[in-house]
Amino acid sequence: MATPQNRPRRGELILLCALLGTLWEIGRGQIRYSVPEETDKGSFVGNISKDLRLEPRELAKHGVRIVSRGRTQLFALNPRSGSLVTAGRIDREELCAQSPRCLININILVEDKGKLFGIEIEIIDINDNNPKFQVEDLEVKINEIAVPGARYPLPEAVDPDVGVNSLQSYQLSPNHHFSLDVQTGDDGAINPELVLERALDREEEAAHHLVLTASDGGEPRRSSTVRIHVIVLDTNDNAPVFAQPIYRVKVLENVPPGTRLLTVTASDPDEGTNGKVTYKFRKINEKQSPLFQLNENTGEISIAKSLDYEECSFYEIEIQAEDVGALLGRTKLLISVEDVNDNRPEVIITSLFSPVLENSLPGTVVAFLSVHDRDSGKNGHVVCYTRDNLPFKLEKSIDNYYRLVTWKYLDRENVSIYNITVMASDLGTPPLSTETHITLHVADINDNPPTFPHASYSAYILENNLRGASIFSLTAHDPDSQENAQVTYSVTENTLQGAPLSSYISINSDTGVLYALQSFDYEQIRDLQLLVTASDSGDPPLSSNVSLSLFVLDQNDNTPEILYPVLPTDGSTGVELAPRSAEPGYLVTKVVAVDKDSGQNAWLSYRLLKASEPGLFVVGLHTGEVRTARALLDRDALKQSLVVAVQDHGQPPLSATVTLTVAVADSIPEVLAELGNLKPSVDPDDSVLTLYLVVAVAAVSCVFLAFVVVLLGLKLRRWHKSRLLQDSGGRLAGVPASHLVGVEEVQAFLQTYSHEVSLTTDSRKSHLIFPQPNYADTLISQESCEKNDSLLTSIDFHECKNEADHGQQAPPNTDWRFSQAQRPGTSGSQNGDDTGTWPNNQFDTEMLQAMILASASEAADGSSTLGGGAGTMGLSARYGPQFTLQHVPDYRQNVYIPGSNATLTNAAGKRDGKAPAGGNGNKKKSGKKEKK
């Protein structure tokens with residue numbers, strides 16, 4: 001009766017143990033699921049979100065994912081449903097072979113919590129494999145003397161499935177001589193045997209054909225067959241017998257191929273050929289067959305291929321010995337493979353949190369590592385550590401997992417990338433190790449403002465710059481990266497001369513290049529003070545400032561401005577007065593000018609550009625003072641026009657001109673009498689002005705003819721006086737020197753009034769050029785004999801008179817004889833030479849006409865006389881009163897005085913007691929004449 005009472009208590013105890021076991025498994029975080037093999041991809045395995053107490057949508061948020069050691073992921077997470085599903089086809093036989101239970105262990109990692117959960121999944125077998133024989137045809141030899149009841153082993157079928165899906169039964173085709181007996185071994189294996197039921201008679205039937213069928217117990221049931229050919233032999237009544245029923249051997253996994261394991265032996269008491277035994281493997285799977293080699297004659301077993309303890313550590317092989325009489329003997333070979341330390345530890349980076357912020361706190365998880373060694377025992381025990389002095393350390397987690405954490409703050413500006421080396425070493429002999437390199441990037445935070453290389457900058461720009469011209473380039477450096485180091489530039493707003501600074505200067509926000517928005521004028525703006533700000537694009541942004549001084553450089557862009565004299569606004573011309581009694585160096589006026597530029601561009605110099613009377617006035621180079629260069633003469637015109645040029649020293653130099661009108665008179669009434677002629681027309685007509693100039697040229701030609709007539713008259717008059725002097729003797733001492741002046745006065749007027757008139761169809765563009773005096777000697781008068789004495793003695797006079805008489809009686813000078821080509825005509829028909837001919841250019845011809853006009857004016861006042869030797873041909877013979885401009889063939893006509901040995905010289909200068917400028921050559925020639 002005690003037994004029934006204890007039974008309820010025993011059930012309660014079993015239930016309590018199961019509950020405690022379940023609670024213990026939950027405490028360990030172990031979750032179990034099961035799934036049939038060969039299911040489709042995506043098949044449901046288990047609700048992982050429910051078991052982890054998470055919502056399905058929170059899986060991605062918490063970083064829930066599968067981590068496993070295997071190379072192939074069999075399962076995956078469905079982020080929508082939060083369930084664990086199959087990642088592909090699962091073959092139980094491939095994973096677990098013949099194991100009764102097939103368990104797959106995976107790990108679920110919750111990254112934000114830093115936790116790992118173990119998942120155990122059982123793969124349930126289905127009947128997806130047929131029982132399979134190793135051969136399709138089997139030949140069995142049976143001696144005819146075999147007694148009924150003899151047993152013959154048949155080949156076993158192999159079914160990879162387990163349980164009821166594995167091999168369950170064998171069936172033999174119906175036959176009168178044989179039956180099938182199935183034996184179950186200690187290991188549960190089913191061994192079919194062929195049993196002889198009736199004695200055989202080879203003469204009646206030498207061969208029997210049977211079919212053996214192997215079936216499993218699955219649903220639906222699967223089967224396979226093998227054909228058995230039974231051959232009846234003659235008498236051989238002894239089967240081979242092995243020395244040991246079971247052979248055992250141990251071998252290291254690293255033995256080389258070809259190594260002998262052992263030799264099995266079987267004996268047959270029969271003699272002759274019936275006692276000869278051959279060996280072969282009877283029961284060996286497909287994976288084991290290539291690893292071992294059996295010598296069928298000697299029974300020697302050797303290693304054919306390298307063994308691997310990690311793949312298989314134990315092998316069971318059945319060996320069969322057969323004589324020629326088909327008698328068989330069997331034995332088993334058990335091979336144990338011993339492990340050696342031949343596998344290095346494996347380090348798998350399960351999760352890497354890169355980049356990591358540089359301001360992460362110490363203890364921040366950087367990576368999860370999985371460490372495994374395929375060896376066993378001490379050879380498979382692994383120790384992990386890091387090398388170098390880095391701010392990281394390894395911490396042990398669950399199972400074979402490690403986590404890499406920081407132990408101090410990071411600084412990206414010092415080190416932006418860490419190359420972390422993780423060492424994994426086992427405890428084998430010798431120990432093996434593995435290096436795993438982890439590249440960790442440090443993420444930047446905006447903790448550095450942009451900085452400029454200098455505290456301040458100075459830039460220079462020439463005025464009159466183009467709009468948009470580049471002025472200067474600023475560069476700030478930010479040690480941060482990406483947008484935190486992306487620098488933008490700006491100019492602090494300010495006002496300059498009432499206008500915003502942004503209207504003058506702009507800056508490229510990306511490159512820091514300053515551009516000018518306006519053309520600067522040095523005279524208005526000399527310098528600008530800017531404050532440039534460099535800001536990064538971080539959050540929040542950081543910035544720094546730098547001052548920039550922009551200096552505008554001067555250019556020579558302003559012409560000198562003449563302050564005095566200022567042209568009157570009423571249309572009249574300003575007049576400066578110079579008395580005729582003024583001495584050389586007399587200050588007539590002063591030209592005052594300024595230049596808005598600075599420095600060398602504002603240095604001014606003055607020069608006389610044109611003058612109606614060359615050599616009469618000079619202009620101070622640096623003062624601009626207009627002074628007389630010589631004493632004023634009566635023949636100097638009342639109106640003197642001066643063109644003064646004011647020029648700066650810039651590059652290129654700029655200049656301005658002013659026209660001065662100087663009235664040469666001793667009193668105001670003289671000036672007023674001529675003021676009417678000084679006023680320019682307010683609105684001159686081009687065609688009328690051109691007409692006036694043409695008429696003026698014609699008038700000059702007419703005056704030239706008149707001058708020639710007067711010159712001939714004076715020449716005759718002088719010749720007449722020279723005849724009288726021969727008789728009067730010393731009475732000539734009281735005659736003024738001016739009455740004895742010859743044609744030398746002509747040269748003085750020619751030098752003084754030489755000018756050039758250029759006429760164009762546009763009279764406004766006509767101009768008047770006053771070249772420097774041409775002091776080339778042309779004629780020498782007799783007065784050169786009086787060069788050193790103011791009064792003539794009778795001896796000197798007679799000497800000159802004799803020389804004159806001598807010249808009168810002498811034949812004409814050959815120097816004045818010209819060929820036909822040298823006689824008057826157009827300049828194009830003449831060839832210039834040095835023997836008395838005048839230059840044949842248009843300028844000299846026109847200048848000659850102007851000089852003759854001036855000489856004619858003075859000749860009309862009786863201030864000049866014209867004389868010549870007795871034998872001299874006068875000008876009246878060629879240029880008579882009837883001569884007009886129509887008789888002048890061309891303005892470029894050469895003018896000469898044929899038959900005369902006298903040349904023109906400046907008599908006016910001697911009359912004033914001064915040598916003309918540039919006349920030193922004339923004095924030398926006159927001295928030579930005196931010596932003659």
Side-chain angles (χ1 to χ4, degrees), residues 59-71 73 77 79 106-117 344-373 382-426 431-450 477-487 536-540 542:
L59 294 181
K61 177 180 177 182
H62 291 283
V64 178
R65 59 192 180 90
I66 300 174
V67 293
S68 62
R69 210 166 24 86
R71 297 181 180 177
Q73 286 287 351
L77 288 175
I106 64 172
N107 295 312
I108 300 295
L109 172 65
V110 183
E111 290 187 353
D112 60 343
K113 295 183 180 180
K115 292 184 178 181
L116 283 171
F117 295 90
R344 295 182 181 274
E346 297 178 2
V347 179
I348 300 174
I349 302 174
T350 304
S351 181
L352 177 62
F353 305 100
S354 178
V356 60
L357 291 176
E358 60 178 323
N359 62 345
S360 298
L361 296 176
T364 302
V365 178
V366 174
F368 277 100
L369 305 177
S370 174
V371 182
H372 175 70
D373 195 322
V382 182
V383 177
C384 281
Y385 57 93
T386 58
R387 297 193 308 180
D388 303 330
N389 187 19
L390 297 177
F392 305 99
K393 63 180 180 179
L394 283 172
E395 294 181 353
K396 187 76 168 62
S397 184
I398 63 173
D399 295 338
N400 292 326
Y401 284 89
Y402 289 84
R403 58 181 181 178
L404 184 66
V405 299
T406 61
W407 60 271
K408 68 176 182 179
Y409 286 98
L410 306 178
D411 189 356
R412 192 205 66 84
E413 284 70 38
N414 290 333
V415 181
S416 61
I417 299 176
Y418 286 96
N419 292 317
I420 307 171
T421 302
V422 177
M423 296 292 297
S425 178
D426 58 27
L432 299 178
S433 61
T434 300
E435 289 187 1
T436 300
H437 301 280
I438 300 175
T439 300
L440 180 66
H441 295 266
V442 181
D444 182 53
I445 62 171
N446 193 24
D447 56 347
N448 292 282
H477 174 68
D478 195 323
D480 295 326
S481 65
Q482 297 180 356
E483 65 274 1
N484 295 331
Q486 185 176 357
V487 182
D536 57 27
S537 301
D539 186 19
L542 302 178

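- Remark: the backbone N or O of Ser433 is paired with a side-chain donor or acceptor of Arg344 at under 3.5 angstrom.
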Notebook entry, point to check: Could you go step by step and tell me if Val422 and Tyr385 meet the side-chain contact (heavy atoms from CB on, under 4.5 Å) rule?
Noted result: CA-CA 6 Å; Val422 177; Tyr385 57 93; over 6 Å; no
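- Remark: Asn484 engages Asp444, Asn446, Asp480 in a side chain to side chain contact (heavy atoms under 4.5 Å, CB included) (not counting sequence neighbours).
- Between the side chain of Ser354 and the main chain of His441, a donor-acceptor pair closer than 3.5 Å is present.
- At least one donor-acceptor pair closer than 3.5 Å links the side chain of Ser537 to the backbone N or O of Gln486.
- In this structure, Leu369 and Ile348 have side chains that are not in contact, with every pair of non-hydrogen atoms separated by 4.5 Å or more.
- Shown here are the side-chain hydrogen bond (donor to acceptor under 3.5 Å, both in side chains) partners of Glu435, two or more places apart in sequence or in another chain: Arg387.
- At least one donor-acceptor pair under 3.5 Å links the side chain of Thr406 to the backbone N or O of Thr364.
- Closest approach of Val347 to Ala424, counting heavy atoms only: CG2-CB, 3.4 Å.
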Check: Thr386 and Leu404: side-chain contact (heavy atoms from CB on, under 4.5 Å), yes or no, with the steps?
Finding: CA-CA 9 Å; Thr386 58; Leu404 184 66; 4.2 Å; yes
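- For the pair Leu77/Ile66, a side-chain contact is recorded, criterion being any heavy-atom separation below 4.5 Å from C-beta on.
- Nearest heavy-atom pair, Leu432 versus Pro345, reported as atom, atom and distance to 0.1 Å: O-CD, 3.5 Å.
- With sequence neighbours excluded, the residues that form a side chain to side chain contact (heavy atoms under 4.5 Å, CB included) with Lys396 are Tyr402.
- For Phe392, the ring pair (Phe, Tyr, Trp, His ring centres under 6.0 Å) partners two or more places apart in sequence, or in a different chain, are Tyr418.
- Residues passing the salt bridge (charged side-chain N to carboxylate O under 4.0 Å, His left out) test with Glu111, sequence neighbours excluded: Arg65.
- Proximity of Ser370 to Tyr401: side-chain heavy atoms (C-beta onward) are separated by under 4.5 Å at one or more points.
- Taking 4.5 Å as the limit, some side-chain heavy atom of Leu390 sits within range of a side-chain heavy atom of Ile420.
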Next item on the list: Applying side-chain contact (heavy atoms from CB on, under 4.5 Å), run through Val415 and Val442 and close with a yes or a no.
Entry: CA-CA 8 Å; Val415 181; Val442 181; 5.8 Å; no
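- In this structure, Glu358 contributes its side chain and Ile445 its backbone to a donor-acceptor pair below 3.5 Å.
- When only modelled atom types and interatomic distance are considered, Thr421 and His437 share a side-chain donor-acceptor pair under 3.5 Å.
- Contact detail for Trp407 and Asn389: the closest heavy-atom pair is CZ2-OD1, 4.4 Å.
- A donor-acceptor contact shorter than 3.5 Å is absent between the side chain of Asp536 and the backbone of Ala485.
- Without hydrogens or angle criteria, Arg412 side chain to Asn359 main chain gives no donor-acceptor distance under 3.5 Å.
- Contact check for Leu116 versus Ile108: no side-chain heavy atoms found under the 4.5 Å cut-off.
- Checking side-chain atoms of Asn400 against main-chain N and O of His372 turns up no donor-acceptor pair under 3.5 Å.
- In this structure the side chain of Val383 never reaches within 4.5 angstrom of the side chain of Asp426, judged on heavy atoms.
- In this structure the side chain of Leu542 never reaches within 4.5 angstrom of the side chain of Asn448, judged on heavy atoms.
- For the pair Thr439 and Ile417, the minimum side-chain heavy-atom distance is below 4.5 Å.
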Next item on the list: Could you give me the CA-CA distance, side-chain angles and deciding distance for Val356 and Leu410, then say whether side-chain contact (heavy atoms from CB on, under 4.5 Å) is met?
Entry: CA-CA 9 Å; Val356 60; Leu410 306 178; 3.8 Å; yes
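- In this view, Phe368 satisfies the ring pair (Phe, Tyr, Trp, His ring centres under 6.0 Å) rule with no residue, not counting sequence neighbours.
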